[in-house]
Amino acid sequence: MKIATEYLLLAIAAFIIAAATVAAVLIVKKKKGSFDKKLSTKQLTTLGVMSALSIVLMVLIRIPFPTAPFLEYDPADVPILISTFLFGPLWGLVMTAAVSVLQGITVSTGSGIIGIIMHIAATGGFVITAGLIYKRGKSIKRAIIALVLGTIVQTVLMAGMNLVFTPIFMKTPLETVLAMMIPTIIPFNLIKAGVNAAVTFFVYKFVSRAVSKIFD
């Protein structure tokens with residue numbers, strides 16, 4: 001019961017943080033005169049719910065990578081990617097930052113600021129790449145291209161980030177990290193990003209229709 005309560009509190013916190021962040025951006029947009037009340041309500045609610053779902057998924061589903069148990073797959077990026085396709089890369093990036101900070105100060109305190117930075121950089125790279133491509137023409141073909149390129153970008157970014165931060169975080173020589181690249185780090189990130197991309201592709205339309213039915 002205690003664990004369930006903690007998960008609920010985390011989900012509520014994620015919703016509040018994401019909603020507050022979106023609200024702040026919307027206030028700025030309102031001052032600039034580019035404000036649509038109906039769309040803003042849709043963004044605020046959807047991004048808040050998706051942020052809460054991202055945290056819940058990350059807590060509930062954590063699958064260790066066979067060759068390196070300290071690396072764990074989680075589907076937390078799926079709600080972020082869906083939100084990116086719904087509202088664009090800027091909102092996906094806002095959501096990424098909000099979720100990364102909350103995750104870093106709660107369930108992933110062990111990785112500290114380094115974990116927050118790496119999460120924002122990796123997921124942010126995916127979000128910007130996929131979001132910009134899909135925004136230019138919302139079709140199945142473009143969605144596939146966006147998700148494939150996003151997967152590649154996230155994998156490359158994580159390879160680079162591991163070279164910089166893992167020796168510091170794990171207090172291990174750079175040579176040790178380099179030796180882990182091909183058998184462990186690159187495959188793990190490619191699989192993690194690829195699985196999240198595939199799940200996003202298959203559930204995005206369903207979520208999009210559900211959101212439209214609620215707000216339109």
Side-chain angles (χ1 to χ4, degrees), residues 14-15 18-19 21-22 25-26 29 34 36 38-58 60-63 65 72-100 103 119-160 186-216:
F15 180 89
T21 305
V22 174
V25 177
L26 292 175
K29 290 183 69 177
S34 57
D36 184 324
K38 184 177 181 180
L39 179 59
S40 299
T41 301
K42 179 179 179 179
Q43 289 175 330
L44 186 65
T45 306
T46 305
L47 291 172
V49 170
M50 285 295 188
S51 296
L53 180 59
S54 178
I55 291 294
V56 170
L57 287 174
M58 186 275 297
L60 295 180
I61 304 175
R62 307 180 79 169
I63 304 173
F65 194 62
E72 295 180 322
Y73 165 79
D74 66 74
D77 284 353
V78 173
I80 297 176
L81 293 172
I82 291 174
S83 299
T84 299
F85 276 11
L86 283 171
F87 303 115
L90 172 60
W91 294 107
L93 200 56
V94 168
M95 185 175 168
T96 298
V99 170
S100 297
Q103 176 184 334
H119 191 186
I120 292 176
T123 303
F126 197 142
V127 161
I128 293 172
T129 303
L132 288 174
I133 293 172
Y134 189 68
K135 186 178 180 180
R136 295 181 63 183
K138 296 185 176 183
S139 64
I140 293 178
K141 179 180 179 181
R142 193 168 286 275
I144 293 173
I145 294 172
L147 291 169
V148 169
L149 291 180
T151 297
I152 294 171
V153 167
Q154 180 170 332
T155 302
V156 171
L157 281 172
M158 284 306 293
I186 291 177
F188 168 75
N189 285 287
L190 193 60
I191 291 171
K192 179 179 178 179
V195 170
N196 286 338
V199 174
T200 299
F201 178 78
F202 287 111
V203 304
Y204 168 68
K205 282 299 180 183
F206 171 79
V207 175
S208 179
R209 292 192 191 102
V211 170
S212 296
K213 285 182 179 179
I214 294 172
F215 293 99
D216 295 344

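Since we're looking at a predicted model, the values are computed, not measured. Below, all heavy atoms of this structure are taken into account, side chains as well, without hydrogens, waters or symmetry copies. In this chain, numbering begins with 1 at the start of the sequence shown.
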Compare every heavy atom of [Y] with every heavy atom of [X], then report the nearest pair and how far apart it is.
| X | Y | answer |
| --- | --- | --- |
| T200 | N196 | OG1-O, 2.7 Å |
| P79 | L57 | CG-CD1, 3.8 Å |
| H119 | S100 | ND1-OG, 3.1 Å |
| Q154 | A122 | CG-O, 3.6 Å |
| T155 | I186 | CG2-O, 3.8 Å |

I need the [X] [atom1] to [Y] [atom2] distance, nearest 0.5 Å.
| X | Y | atom1 | atom2 | result |
| --- | --- | --- | --- | --- |
| S83 | L93 | OG | CG | 12.5 Å |
| L81 | L147 | CG | CG | 7.0 Å |
| I128 | T123 | CD1 | OG1 | 11.0 Å |
| Y73 | N189 | OH | CG | 12.5 Å |
| Q103 | I120 | CD | CD1 | 10.5 Å |
| T84 | K135 | OG1 | NZ | 11.5 Å |

Derivation and outcome, side-chain contact (heavy atoms from CB on, under 4.5 Å), residues F126 and T151
CA-CA 6 Å; F126 197 142; T151 297; 3.7 Å; yes
Fill in: Worked verdict on L132 versus R136 for side-chain contact (heavy atoms from CB on, under 4.5 Å)
CA-CA 7 Å; L132 288 174; R136 295 181 63 183; 5.9 Å; no
Where does the angle between the aromatic ring planes of Y204 and F85 fall among parallel (under 30°), tilted (30 to 60°) and perpendicular (over 60°)?
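Y204 vs F85 ring planes: perpendicular.
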Q.
For F188, give me all partners under ring pair (Phe, Tyr, Trp, His ring centres under 6.0 Å), at least two apart in sequence or on another chain.
A.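 F188 satisfies ring pair (Phe, Tyr, Trp, His ring centres under 6.0 Å) with F65 once adjacent residues are dropped.
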Going by heavy atoms in the side chains, are [X] and [Y] under 4.5 Å from each other?
| X | Y | answer |
| --- | --- | --- |
| W91 | M95 | no |
| V148 | I145 | no |
| V99 | M58 | no |

* To do: Please test K192 against D74 for side-chain contact (heavy atoms from CB on, under 4.5 Å), starting from the C-alpha separation and ending with a verdict.
  => CA-CA 8 Å; K192 179 179 178 179; D74 66 74; 3.7 Å; yes
| query | Side chain of S54, backbone of A76: donor and acceptor closer than 3.5 Å? | reply | yes
*V207 and M50: side-chain contact (heavy atoms from CB on, under 4.5 Å), yes or no, with the steps?*
CA-CA 10 Å; V207 175; M50 285 295 188; 3.3 Å; yes
